Visitor: 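One structure, as structure tokens, below. Some questions next.
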Amino acid sequence: MEYAIIVCGGSGTRMGALPVNKTLLPVGGIPSAVRCALAFRRAGCRLVLVTPPGGEKPFEEALRKYGVDALLVPGGRERSESVKNGLRCVEDEDALVLVHDGARPLVTSALIQRCISCAREHLGAVPALKVSDTLKRAGADGRVRATVDRTDMYRVQTPQCFYARDLRKAYDLGGEGCTDEASLMENAGFPVTLCPGDSANIKLTTPEDLAMADRLLRRVTRTGFGLDAHQLVEGRRLVLCGVEVPYDKGLLGHSDADAALHALTDALLGAAALGDIGQMFPDTDERYAGISSLLLLGWAAERIRAAGFGIVNCDVTIVCQKPKLAPFIPEMRARVAGCLGIGVSRVSVKATTTEHMGYEGRGEGVSAHATATLEEYLTCEEDEENAAE
């Protein structure tokens with residue numbers, strides 16, 4: 001039996017994530033600590049998650065959301081104390097224990113199995129990558145003092161894998177000042193063998209690391225298309241992309257009849273395969289009578305995010321002969337961006353005419369076309385399957 005002790009301490013000062021523990025930050029939509037737990041669960045390990053003292057509740061909630069069973073243990077002020085607390089939960093002295101940083105969310109089952117196999121053969125295993133960059137030693141003033149020979153230099157990662165009995169003996173000899181389990185075991189005289197690490201197994205330390213981890217996760221891009229049209233009639237307001245445009249006619253419909261937002265809502269729902277605006281907000285429901293289509297768009301966006309999608313960008317084209325819409329387009333883009341929670345640079349709104357052809361050209365109505373692009377983060381399992389292929 002193997003145990004995974006996932007250490008989720010650390011202040012996260014350089015991440016700038018306070019008061020949120022950095023291991024709870026989402027990577028591909030899933031908290032870092034949860035991604036770690038899922039990987040070790042798939043590898044068949046029993047899970048022990050070491051949390052900051054008194055900070056168990058948000059970890060309990062995150063694990064429960066993804067259906068992960070783990071024993072939660074409060075950590076100490078130092079890493080060595082946290083690991084020792086987790087080690088107390090390992091009852092089998094002959095069990096292999098994998099100690100992993102909760103801030104390394106991209107650990108894979110393949111890397112875990114490499115560590116286990118190496119530890120069984122050599123009594124201890126640490127994943128590592130050979131240093132390929134030239135190393136310099138510099139003073140406080142930044143001036144280079146020497147070039148360091150990199151011939152036998154390695155960058156060490158986690159999980160670090162040792163037998164429970166050996167880890168306990170090493171801690172009994174004193175683990176103060178050791179930055180990882182490998183140095184602890186070295187100091188205690190136990191063998192430590194390096195096994196091939198994974199370049200994608202990065203540690204979240206700065207916001208740049210978080211962005212890199214997000215990029216490293218393979219994603220599926222999905223595109224949707226929407227089309228809507230409404231009749232122009234007297235006695236109605238003309239509302240397009242959430243902006244009221246002065247005109248002597250408005251669009252006829254159950255809600256505010258914002259054809260542009262209806263087309264965009266359909267494009268977003270279509271990309272996520274969540275149906276269409278008529279199914280989600282039927283015109284037979286009096287709750288939506290006269291309602292702002294910005295509200296409908298916002299509710300649809302919430303459903304889309306809950307389904308595991310991120311909104312990348314959208315493009316709306318409004319087709320009408322009159323009135324001229326160019327002066328209102330900046331405000332339209334801003335309204336849509338604010339509703340969707342994305343940058344204005346990701347929202348395009350255009351207007352065109354039909355040169356007096358068709359119902360738009362005759363001033364009988366307005367149509368709108370929209371496309372939307374979503375990103376769907378793959379699950380951990382799907383991501384590893386694709387990597388294997």
Side-chain angles (χ1 to χ4, degrees), residues 224-325 327-344 346-351 359-360 363-374:
F225 174 77
L227 169 64
D228 194 41
H230 284 272
Q231 182 182 357
L232 280 167
V233 297
E234 295 181 354
R236 292 274 298 186
R237 298 181 306 134
L238 177 59
V239 180
L240 293 167
C241 284
V243 176
E244 184 169 351
V245 179
Y247 194 51
D248 58 1
K249 294 181 181 180
L251 295 175
L252 180 64
H254 184 64
S255 62
D256 62 4
D258 189 330
L261 290 189
H262 292 181
L264 177 55
T265 302
D266 262 355
L268 289 163
L269 291 173
L274 291 177
D276 59 42
I277 190 171
Q279 292 173 319
M280 190 169 288
F281 311 112
D283 60 10
T284 55
D285 192 328
E286 287 304 310
R287 290 178 298 173
Y288 307 126
I291 196 170
S292 167
S293 295
L294 276 173
L295 287 174
L296 303 182
L297 178 65
W299 292 336
E302 288 177 7
R303 289 278 299 274
I304 287 164
R305 289 194 175 94
F309 298 95
I311 300 171
V312 179
N313 73 287
C314 58
D315 183 19
V316 180
T317 299
I318 304 170
V319 184
C320 69
Q321 196 66 41
K322 290 182 180 179
K324 296 297 182 183
L325 300 179
F328 305 97
I329 284 179
E331 186 180 356
M332 291 179 180
R333 293 178 64 203
R335 290 280 179 92
V336 172
C339 181
L340 296 179
I342 60 178
V344 175
R346 298 186 182 191
V347 176
S348 170
V349 177
K350 309 185 298 293
Y359 64 87
E360 299 102 332
E364 298 172 2
V366 172
S367 68
H369 307 251
T371 59
T373 302
L374 307 180

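What you are looking at is a predicted structure, and each value in this text was computed from that prediction instead of being measured.
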Visitor: Any side-chain to backbone donor/acceptor pair from R333 onto V344? Under 3.5 Å, distance only.
Guide: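 Yes, R333 side chain to V344 backbone: donor-acceptor pair under 3.5 Å.
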
Visitor: For a quick test of reading the model, state the closest non-hydrogen atom pair linking L227 to F225 and the distance between them.
Guide: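 Nearest heavy atoms, L227 then F225: CB-CE2, 4.0 Å.
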
Visitor: Between D258 and L240, is any pair of side-chain heavy atoms under 4.5 Å apart?
Guide: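 With C-beta onward as the side chain, the pair touches.
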
Visitor: Can you list every pair that meets salt bridge (charged side-chain N to carboxylate O under 4.0 Å, His left out) and has a residue in residues 231-253, with sequence neighbours left out?
Guide: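 Those involving residues 231-253 are R237-E244.
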
Visitor: Closest heavy-atom contact between A370 and A267?
Guide: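 That would be O-CB, 3.6 Å.
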
Visitor: For residues 268-285, please give each side-chain donor-acceptor pair under 3.5 Å, one per line with the distance, not counting sequence neighbours.
Guide:
| unit_1 | atom_1 | unit_2 | atom_2 | d |
| --- | --- | --- | --- | --- |
| D276 | OD1 | G278 | N | 3.0 |
| D276 | OD1 | Q279 | N | 2.8 |
| Q279 | OE1 | D276 | N | 3.0 |
| D285 | OD1 | R287 | N | 2.9 |
| D285 | OD1 | R287 | NE | 3.2 |
| D285 | OD2 | R287 | NE | 3.0 |
| D285 | OD2 | R287 | NH2 | 2.7 |

Visitor: Which residue pairs pass the ring-ring contact (aromatic ring centres under 6.0 Å, His included) test with at least one member in residues 236-264, sequence neighbours excluded?
Guide: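 Qualifying pairs, neighbours excluded: H230-H262.
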
Visitor: Are L261 and L296 packed together at the side-chain level, in the sense that at least one heavy-atom pair is separated by less than 4.5 angstrom?
Guide: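 The answer is no, as the side chains (C-beta and beyond) never meet within the 4.5 Å cut-off.
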
Visitor: Are side-chain heavy atoms of R335 and C241 found at a separation under 4.5 Å?
Guide: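 With C-beta onward as the side chain, the pair stays apart.
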
Visitor: For a quick test of your reading: what N or O donor-acceptor pairs under 3.5 Å do the side chains of residues 300-312 make, sequence neighbours left out?
Guide:
| unit_1 | atom_1 | unit_2 | atom_2 | d |
| --- | --- | --- | --- | --- |
| R305 | NH1 | L340 | O | 3.3 |
| R305 | NH2 | L340 | O | 2.2 |

Visitor: Any side-chain heavy atom of N313 within less than 4.5 Å of one from I342?
Guide: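 When only atoms from C-beta onward are counted, I342 and N313 do not touch, as no gap falls below 4.5 Å.
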
Visitor: Could you walk me through whether V366 and L232 satisfy the side chain to side chain contact (heavy atoms under 4.5 Å, CB included) test, starting with their C-alpha distance in whole Å, then the side-chain angles of each, then the deciding distance to 0.1 Å, before giving a yes or no?
Guide: CA-CA 7 Å; V366 172; L232 280 167; 4.0 Å; yes

Visitor: Would you please test L251 and L238 for side chain to side chain contact (heavy atoms under 4.5 Å, CB included) and show each step?
Guide: CA-CA 6 Å; L251 295 175; L238 177 59; 3.7 Å; yes

Visitor: Could you pull out the closest heavy-atom pair between S367 and E360, with the gap in Å?
Guide: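 Scanning both residues, the minimum pair turns out to be OG-OE2, 2.7 Å.
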
Visitor: Provide the closest heavy-atom pair for T317 versus K350 in the form atom of the first, atom of the second, distance.
Guide: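 Looking at all heavy atoms of both residues, the closest pair is OG1-NZ, 3.1 Å.
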
Visitor: Drop me the distance from S293's OG to D228's CG, to the nearest 0.5 angstrom.
Guide: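 Answer rounded to 0.5 Å: 9.0 Å.
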
Visitor: Who pairs with H369 by ring-ring contact (aromatic ring centres under 6.0 Å, His included), at least two apart in sequence or on another chain?
Guide: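 Once residues adjacent in sequence are excluded, H369 has no partner under the ring-ring contact (aromatic ring centres under 6.0 Å, His included) criterion.
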
Visitor: Just to verify, what does T371 make a side chain to side chain donor-acceptor pair (under 3.5 Å) with, not counting sequence neighbours?
Guide: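 By the side chain to side chain donor-acceptor pair (under 3.5 Å) rule, T371 matches no residue at all.
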
Visitor: How close do C314 and L264 get, heavy atom to heavy atom, and via which atoms?
Guide: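 Heavy-atom minimum between the residues: CB-CD1, 3.5 Å.
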
Visitor: Check D266 against G226 and note the closest heavy-atom contact, atom names and distance.
Guide: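 Of all heavy-atom pairs spanning D266 and G226, the closest is CB-CA, 4.1 Å.
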
